[in-house]
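Comments concern the structure below.
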Amino acid sequence: CDCCNSEMAEIWKRNPALLKFTRDLMNKRRSTSPARKCLENVMCGSCLDQKQGVGGYFGQHPNPTIKGQSIVICCGSIPGFSGGSSQSSIEGYMYHELQHADDWCNSKYDSDDCQSSTCSELRAFFCTSECTDNPSCIQVLKDRGYFSSSPCSGIKDANNSGSNWDEIEALVQRCPKLTKEYCAQP
């Protein structure tokens with residue numbers, strides 16, 4: 001993942017606002033007790049063992065020697081990444097995960113809670129222009145298999161054959177309205 005690290009350095013050079021946003025989160029403390037740093041680490045990793053099929057994640061790193069909340073860009077899972085991935089893919093994943101870090105920092109996100117996790121995913125997809133409204137964002141969640149491995153994976157239909165989309169749509173309706181003002185801006 002060395003090339004991922006060098007591409008991230010290039011992105012930060014080209015996009016100083018994204019670098020500032022990242023540094024601000026790394027310097028900010030969470031308002032809830034204990035007042036931990038909002039973001040400790042930003043790194044590249046293969047993620048092949050821990051997070052199959054995702055481009056990145058925010059949370060506690062599976063390596064216990066890495067302390068604090070981390071953003072890991074999964075260079076082994078980014079579509080088209082073969083040592084020369086497009087910087088826009090990495091930049092998109094980075095911005096998506098920064099939205100989660102901002103939500104966690106402001107106590108809007110609990111990775112174990114179905115409702116707050118769903119709202120945070122909607123916001124991250126919306127703010128990175130992967131969807132434009134609730135129906136298109138729900139479609140992105142469906143396409144990415146979000147509800148098969150999230151805290152909401154227990155939501156099943158009557159036949160237990162798949163996710164209960166009526167219940168999921170009700171969850172989405174309880175999220176804040178998707179507007180650009182809702183997005184954390186670098």
Side-chain angles (χ1 to χ4, degrees), residues 1-48 50-51 53-81 83-112 116-131 137 140 144 146 150 176 178-186:
C1 287
D2 288 338
C3 24
C4 174
N5 287 321
S6 63
E7 291 213 19
M8 282 178 53
E10 286 298 316
I11 289 166
W12 280 331
K13 252 194 253 179
R14 187 176 35 98
N15 189 342
L18 187 64
L19 177 60
K20 181 182 180 321
F21 184 38
T22 305
R23 283 185 176 156
D24 288 349
L25 281 170
M26 292 181 101
N27 291 322
K28 190 174 177 183
R29 296 213 170 264
R30 211 169 173 214
S31 58
T32 61
S33 181
R36 297 174 19 203
K37 283 181 119 181
C38 294
L39 180 62
E40 290 276 347
N41 311 290
V42 177
M43 63 190 74
C44 291
S46 68
C47 309
L48 297 179
Q50 301 91 8
K51 304 280 183 181
V54 300
Y57 66 91
F58 168 75
Q60 184 61 50
H61 195 280
N63 180 338
T65 64
I66 298 174
K67 302 294 184 205
Q69 298 295 316
S70 299
I71 289 176
V72 179
I73 301 300
C74 301
C75 58
S77 300
I78 294 175
F81 190 89
S85 110
S86 74
Q87 289 179 357
S88 62
S89 293
I90 292 173
E91 190 169 354
Y93 285 115
M94 183 70 184
Y95 187 50
H96 180 104
E97 298 310 324
L98 283 166
Q99 295 297 316
H100 292 312
D102 185 70
D103 280 350
W104 184 80
C105 188
N106 293 301
S107 302
K108 297 181 206 168
Y109 172 64
D110 174 355
S111 62
D112 296 324
S116 74
S117 184
T118 299
C119 294
S120 186
E121 278 304 325
L122 284 173
R123 176 179 168 207
F125 285 127
F126 177 78
C127 295
T128 55
S129 301
E130 294 179 72
C131 58
C137 289
V140 170
R144 303 275 172 94
Y146 172 73
S150 74
L178 295 173
T179 65
K180 285 299 177 188
E181 292 76 35
Y182 184 50
C183 301
Q185 297 296 321

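Side-chain atoms of Glu91 and Tyr95 form no donor-acceptor pair, as typed in the model, at a separation below 3.5 Å.
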Worksheet entry | Derivation of the side chain to side chain contact (heavy atoms under 4.5 Å, CB included) call for Arg36 and Trp104 | CA-CA 11 Å; Arg36 297 174 19 203; Trp104 184 80; 3.8 Å; yes
Discussion item. I'd like to know whether Phe21 forms a side chain to side chain contact (heavy atoms under 4.5 Å, CB included) with Met94, so could you lay out the CA-CA distance, the side-chain angles of the two residues, the decisive distance to 0.1 Å, and finally the verdict.
Written reply: CA-CA 11 Å; Phe21 184 38; Met94 183 70 184; over 6 Å; no
Practice prompt. Start with the C-alpha gap between Ile71 and Met26, add the side-chain angles, then the distance that decides, and say whether side chain to side chain contact (heavy atoms under 4.5 Å, CB included) holds.
Written response: CA-CA 11 Å; Ile71 289 176; Met26 292 181 101; over 6 Å; no
Worksheet item: Run the side chain to side chain contact (heavy atoms under 4.5 Å, CB included) check on Ser120 and Lys108 step by step: do they pass?
Response: CA-CA 8 Å; Ser120 186; Lys108 297 181 206 168; over 6 Å; no
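Distance check, rounded to the nearest 0.5 Å: OG1 of Thr118 to OH of Tyr109 gives 10.0 Å. Atom CZ of Phe58 sits about 7.5 Å away from atom SG of Cys38, to the nearest 0.5 Å. Rounding to the nearest 0.5 angstrom, the gap separating the CG atom in Leu25 from the CD atom in Glu97 is 12.5 Å. Rounding to the nearest 0.5 angstrom, the gap separating the CD1 atom in Ile90 from the SG atom in Cys74 is 11.0 Å. For the atom pair CZ (Arg14) and CG (Leu19), the distance works out to 12.5 Å, reported to the nearest 0.5 Å. Annotation: the span from Ser116 atom OG to Asp110 atom CG amounts to 4.5 Å, rounded to 0.5 Å.
In this structure, the side chain of Thr128 does not engage the main chain of Gly92 through any donor-acceptor pair within 3.5 Å. A donor-acceptor pair under 3.5 Å is formed between the side chain of Gln60 and the backbone N or O of Ile66. At least one donor-acceptor pair closer than 3.5 Å links the side chain of Asn27 to the backbone N or O of Arg23. Thr22 places a side-chain N or O within 3.5 Å of a backbone atom of Leu18 that can act as its donor or acceptor partner.
When all heavy atoms of Cys137 and Leu178 are compared, the closest pair comes out as SG-CD1, 3.7 Å. Gly68 and Glu40 get closest at one heavy-atom pair: CA-CG, 3.6 Å.
Each side chain to side chain donor-acceptor pair (under 3.5 Å) pair with one or both residues in residues 64-75, not counting sequence neighbours, appears once here: Asn41-Ser70, Asn63-Thr65.
With sequence neighbours excluded, the residues satisfying ring-ring contact (aromatic ring centres under 6.0 Å, His included) with Phe125 are His96.
On the SG-SG cut-off of under 2.5 Å, Cys127 and Cys183 qualify.
Counting heavy atoms of neighbouring residues, nucleotides and ligands inside a 6.0 Å radius, atom NZ of Lys13 does not exceed 12 of them. No more than 12 heavy atoms of other residues, nucleotides or ligands sit less than 6.0 Å from atom NZ of Lys20.
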